[in-house]
Structure formats: C-alpha cells, structure tokens
Amino acid sequence: AEVAAAAESLRPRTPDVSGLAAAECIAPARTAWLVGGATTVGRTTWVVLTNADAVDAVVDLALWGENGPIEALGTTGIIVAPGEQRIVPLAGLAVDEPSPVVRVTSSGGSVAATLQTSIVRGLDPDGVSVITPIAAPSTSHVIPALPVIGLETALERFSVDGGADALTAVRMLAPGDTPAEVTVTLVPQQGGLGLSTQATLDPGVVLDLPFTELADGEYAVVVEASQPIVVAGRTSVASAAAGTGAADGAAPADVEWFSPAAALAAGSEAVVAVAPVPGGVTAAVHLFAPAGAEVELDGVAVSVPPGAVVVVPAASDAGLRIRTTGALHVSVTYRGDGLLAGSRAAPPPAASGAVLVLPN
C-alpha cells in the first residue's frame, strides 16, 4: 500500500559517449510518446523497449519529423519477449531527421519505452540523455525544470558543427488533423510574466521552437494549446575549462531533454527518488504550482507562490516524501561542470477499481 519511486543515473566517459544522464523508473504502458533526440550527423538515438510482463508484447512505432509523418519499414510487429528488451536504432527508420517524435503502441504485454540519445561533434562526445515518455497528447503541459547554464559557453563549444543543439528549445507536435495554436511561456525562478511566445503547429509537423535571447537561470515551461499536443524541452551546458571533452573527462559538455511532469493532486502525498550521482554533481528539486501551494518536502515546509519556480537543494541517492495543498509539478535536476541531467516525480498510481463480471 506504500507509494514507491526509483531513479537511475549514468556517467559514461568513452571516446564515443560522454555526459550525464538520469531518469525516473517508469510504469509499463500500452501507449507512450517519446519527444527528443535526432538522427543527423553525429547524433545517435535509440528506441528502448522493455517488457516486464509474462506475455509477448507486439509493438508498433509511429514516427513524425520536421516534414510531417514518416513512413518506414520495420515499424510494426516488433516482438518483445517477456522479460526481454529490444533496442531499435531510430536512424534506421528516420534517416537524417533533426526533430523526431515517436509514438509507441503495444498489444499483448505492456512495455516501458524510452529514448536514449548521444552526440559526437567532430571527434568529441558532447552529451547523452535518457528521455522518458509522455502518456498522451494534451492541451496543457508543464515542464518544471529547464535550467539555462552558461549559454554563451555552450554556443561557443557547439559551434564546431553549427551549434544546432546549443540553443534552448521546445519541441512540439500536434498529431491530429487540426492545426494547434500554442502559447509557450518560460517562467523564471523569481516569478513574474516570463517570456511568452506564440506559434501555430501544422498538423503532423514537428516544430523545434528555439529561444535565442535567454538569460542564464532556472525556468519552468508552461505550454497551452488549442489542440492536444506533445512537447519536450532541450537545453545544453558546457564546461568553461580548457580541454577536448574526450574520454579523459576534460571539458565535458552535455545536452539534456526534459519531458513534462504530470501534476501531483492537491492534498496528495508522493515520493520522489533522487538518483545517485558521481562526485562533483549536485541535485535539486524543482517545484512549480500554477495556482500556488504549501508543500512539505521531507518534513520541511516550502511555500510555492503562484506561477513561480522554487528550487530546493537535495541530497542525492535519497527518497523524498512530498505533501502538497495544491496541484504541483516536480522535477529533479543533476548538474556538474559541463554536466546536466533530469528526472521527474510521478503521481501515485490510481487504485484499481472493482471489476464486475456478468454471466453470458
């Protein structure tokens, strides 16, 4: 009857992969939306499908990109055996795609679906990320954490290949048949009006909306749309130290994708897991309550004003119990010199209701 949560992190340092990645453990589902990554030169993205059920899962993938829906062989009838994992290279399905979005649909068993991405610029590995899914398109999304750290340094470091991943951006897709009018608001830590941008999403066409003039700081992202959409945020960081960022770990750089976090309901209690991290990396909990909330975070009272981001330092490799008086979106960030990662807090699963079985 207890709520539970778990999170993991990894810090690879090889000639091909370097950076910091973290993710919350997720419940298997029949449908998942994965927003992030790329398959352009130097970018590797994998669709990871894990079946913890006792029966085969038969998985279909639907793909969208910057030019609309993507048709590809090998996207249907992917069998994931019980207790097994299938890893599908996205580049084999969406070639040279800068802005992919993937819908995962499973029959038979449920699967836990994630994206794993990595970047190599020239000869230097420059970032790794694990992207966890969105359950379904919605007209409203909140990303509680989108930190902007040393943007000018990142732009300079990433200029070796055009800097396509350096700018903070929000990726969006309206998968239906109707255009979506969207308002994206970046809310700063101190609150206030923030930076608001409007855009029109053509149906089935992925849009990466960059923010070119953005001061360093802690932000939350609020997205409101006239039609159901899926979204994710991207930000980057680079060390100011001299070096190449190769396997010796000098001058690392990183790119992280942040998925929206579902709201913890008013009056509810949840647990957030803070992943273990290597030395030199710190963790912080990001709280965003659209209408404000009084929050108890592991016994410590925290007041979250309406429309403001509150960032609370946290110990790593720990579990935190959260109680809230208002709807609350929660993420955790992990950061070091040229390193950045994030995970989310999920609402407790709803209790299963009784099932009535009628005779024929």
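All values derive from a computational prediction rather than experimental measurement. Quick note: numbers below take in every heavy atom, side chains included, and nothing from hydrogens, waters or symmetry partners.
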Any side-chain heavy atom of I70 sitting closer than 4.5 Å to one from E97?
-> yes
Does a donor on one side chain and an acceptor on the other come within less than 3.5 Å for S236 and E256?
-> no
Does T185 use its side chain to pair, donor to acceptor, with the backbone of V187 at less than 3.5 Å?
-> no
Audit row: V330, V285, side-chain contact (heavy atoms from CB on, under 4.5 Å) steps and yes/no = CA-CA 7 Å; V330 183; V285 178; 3.7 Å; yes
Atom OG1 of T44 and atom CG of L90: how far apart are they, to the nearest 0.5 Å?
-> 10.5 Å
Examine distances only and state if a side-chain atom of T14 and a backbone atom of D16 form a donor-acceptor pair shorter than 3.5 Å.
-> yes
Identify the heavy atoms of D96 and V41 that sit nearest to each other, and give their distance.
-> OD1-N, 4.2 Å
Would you mind reporting whether V184 and S196 have side-chain heavy atoms less than 4.5 Å apart?
-> no
Take L287 and V302 through the test side-chain contact (heavy atoms from CB on, under 4.5 Å) and record every step on the way to the result.
-> CA-CA 9 Å; L287 308 172; V302 179; 4.0 Å; yes
May I ask whether V221 and V231 are part of the same hydrophobic cluster, defined by side-chain heavy atoms of I, L, V, M, F, W, Y residues being less than 4.5 angstrom apart, directly or through others?
-> yes
If you draw a 6.0 Å radius around CD in E181, do more than 12 non-hydrogen atoms from other residues or ligands fall strictly inside?
-> yes
If you round to the nearest 0.5 Å, how far is OG of S259 from CD1 of I143?
-> 7.5 Å
Is there a side-chain contact between T197 and L209 (heavy atoms, below 4.5 Å)?
-> yes
Any donor-acceptor pair under 3.5 Å linking the side chain of H329 with the backbone of A145?
-> no
Do W46 and L115 have side chains that get closer than 4.5 Å, going by heavy atoms?
-> no
L186 with F288, same ILVMFWY side-chain cluster at under 4.5 Å = no
May I ask you to test the V47-I87 pair for a side-chain heavy-atom distance under 4.5 Å?
-> no
Hydrophobic cluster identity match, V102 and V48, side-chain contacts under 4.5 Å = no
Do we see a donor-acceptor contact under 3.5 Å between the side chains of S99 and D208?
-> yes
Within the distance-only criterion (no hydrogens, no angle test), does the side chain of R321 pair as donor or acceptor with the backbone N or O of L297 below 3.5 angstrom?
-> no
In Å and rounded to the nearest 0.5 Å, what is the OG1 to CD distance from T114 to Q116?
-> 5.0 Å
With no hydrogens and no angle check, do the side chains of S343 and Y334 hold a donor and an acceptor under 3.5 Å apart?
-> yes
Just by distance, with hydrogens left out, do Q227 and T178 show a side-chain donor and acceptor under 3.5 Å apart?
-> no
Would you name the heavy atoms of A113 and L49 that are closest together and state the gap between them?
-> CB-CD2, 4.0 Å
Any chance you could measure I149, atom CD1, to L151, atom CG, to the nearest 0.5 Å?
-> 10.5 Å
Any chance the side chains of E224 and T183 put a donor and an acceptor closer than 3.5 Å?
-> no
Hits for salt bridge (Lys or Arg N to Asp or Glu O under 4.0 Å) against R103, two or more places apart or cross-chain, chain-then-number order -> none
If you look at every heavy atom in Q189 and A308, which pair is closest and at what distance?
-> O-CB, 4.1 Å
Do the side chains of R344 and V332 get nearer than 4.5 Å, heavy atoms only?
-> no
Where L20 and D254 come nearest, the two heavy atoms and their spacing = N-OD2, 2.8 Å
Keeping the roles fixed (side chain from R234, backbone from A166), state whether a donor-acceptor pair exists under 3.5 Å.
-> no
Kindly indicate, with the supporting measurements, whether the criterion side-chain contact (heavy atoms from CB on, under 4.5 Å) is fulfilled by D317 and V274.
-> CA-CA 5 Å; D317 197 13; V274 184; over 6 Å; no
Between V128 and P12, the two heavy atoms sitting closest are CG1-CG, 4.0 Å
Might you point out which heavy atoms bring M172 and V223 nearest each other, and give the distance in Å?
-> SD-CG1, 4.3 Å
Between the side chains of S110 and R30, does any donor sit under 3.5 Å from an acceptor?
-> yes
If only atom types and distance count, is the side chain of S18 paired as donor or acceptor with the main-chain N or O of P125 below 3.5 Å?
-> no
Donor-acceptor contact present, side-chain N51 to main-chain V111, <3.5 Å | no
Verdict with reasoning, D165 to R43, per side-chain contact (heavy atoms from CB on, under 4.5 Å) | CA-CA 10 Å; D165 310 290; R43 280 74 177 164; 2.3 Å; yes
May I ask you to decide if G109's main-chain N or O and S106's side chain share a donor-acceptor pair within less than 3.5 Å?
-> yes
Quick one: are E218 and V148 in side-chain contact, heavy atoms under 4.5 Å?
-> no
To the nearest 0.5 angstrom, please state how far the SG atom of C25 sits from the CD atom of E8.
-> 5.5 Å
Give, for atom OG of S107 and atom CG of D60, the distance between the pair rounded to the nearest 0.5 Å.
-> 6.5 Å
Please check if any side-chain donor atom of R335 sits under 3.5 Å from a side-chain acceptor atom of T282, or the reverse.
-> no
Is the shortest heavy-atom distance from the side chain of T333 to the side chain of F258 under 4.5 Å?
-> yes
Among Ile, Leu, Val, Met, Phe, Trp and Tyr joined by side-chain contacts under 4.5 Å, find the other residues sharing a cluster with V35 and list them by chain and number.
-> W33, W64, V101, I134, L173, V206, V230
Let me have the donor-acceptor pairs involving side chains of residues 76-86, under 3.5 Å, with sequence neighbours excluded, atom names and distances please.
unit_1: Q85; atom_1: NE2; unit_2: T50; atom_2: OG1; d: 2.9
unit_1: R86; atom_1: NH1; unit_2: I79; atom_2: O; d: 2.8

Using distance alone, with no hydrogens and no angle criterion, decide if E294 and T325 have a side-chain donor and acceptor under 3.5 Å apart.
-> no
Check L195, L167, T235 against F211 for a side-chain contact (heavy atoms from CB on, under 4.5 Å) and give me the one that passes.
-> L195
Give a yes or no on whether V88 and W257 share a hydrophobic cluster (residues Ile, Leu, Val, Met, Phe, Trp, Tyr; joining criterion: side-chain heavy atoms under 4.5 Å apart).
-> yes
V309, L328: one ILVMFWY side-chain cluster at the under-4.5 Å cut-off?
-> no
Between D337 and S239, does a side chain to side chain donor-acceptor pair (under 3.5 Å) hold up when you go through it step by step?
-> CA-CA 5 Å; D337 183 24; S239 171; 2.9 Å; yes
Do T132 and E24 pass the side chain to side chain donor-acceptor pair (under 3.5 Å) test, and can you show the C-alpha distance, the side-chain angles, and the key distance before you say yes or no?
-> CA-CA 8 Å; T132 48; E24 73 282 0; 2.9 Å; yes
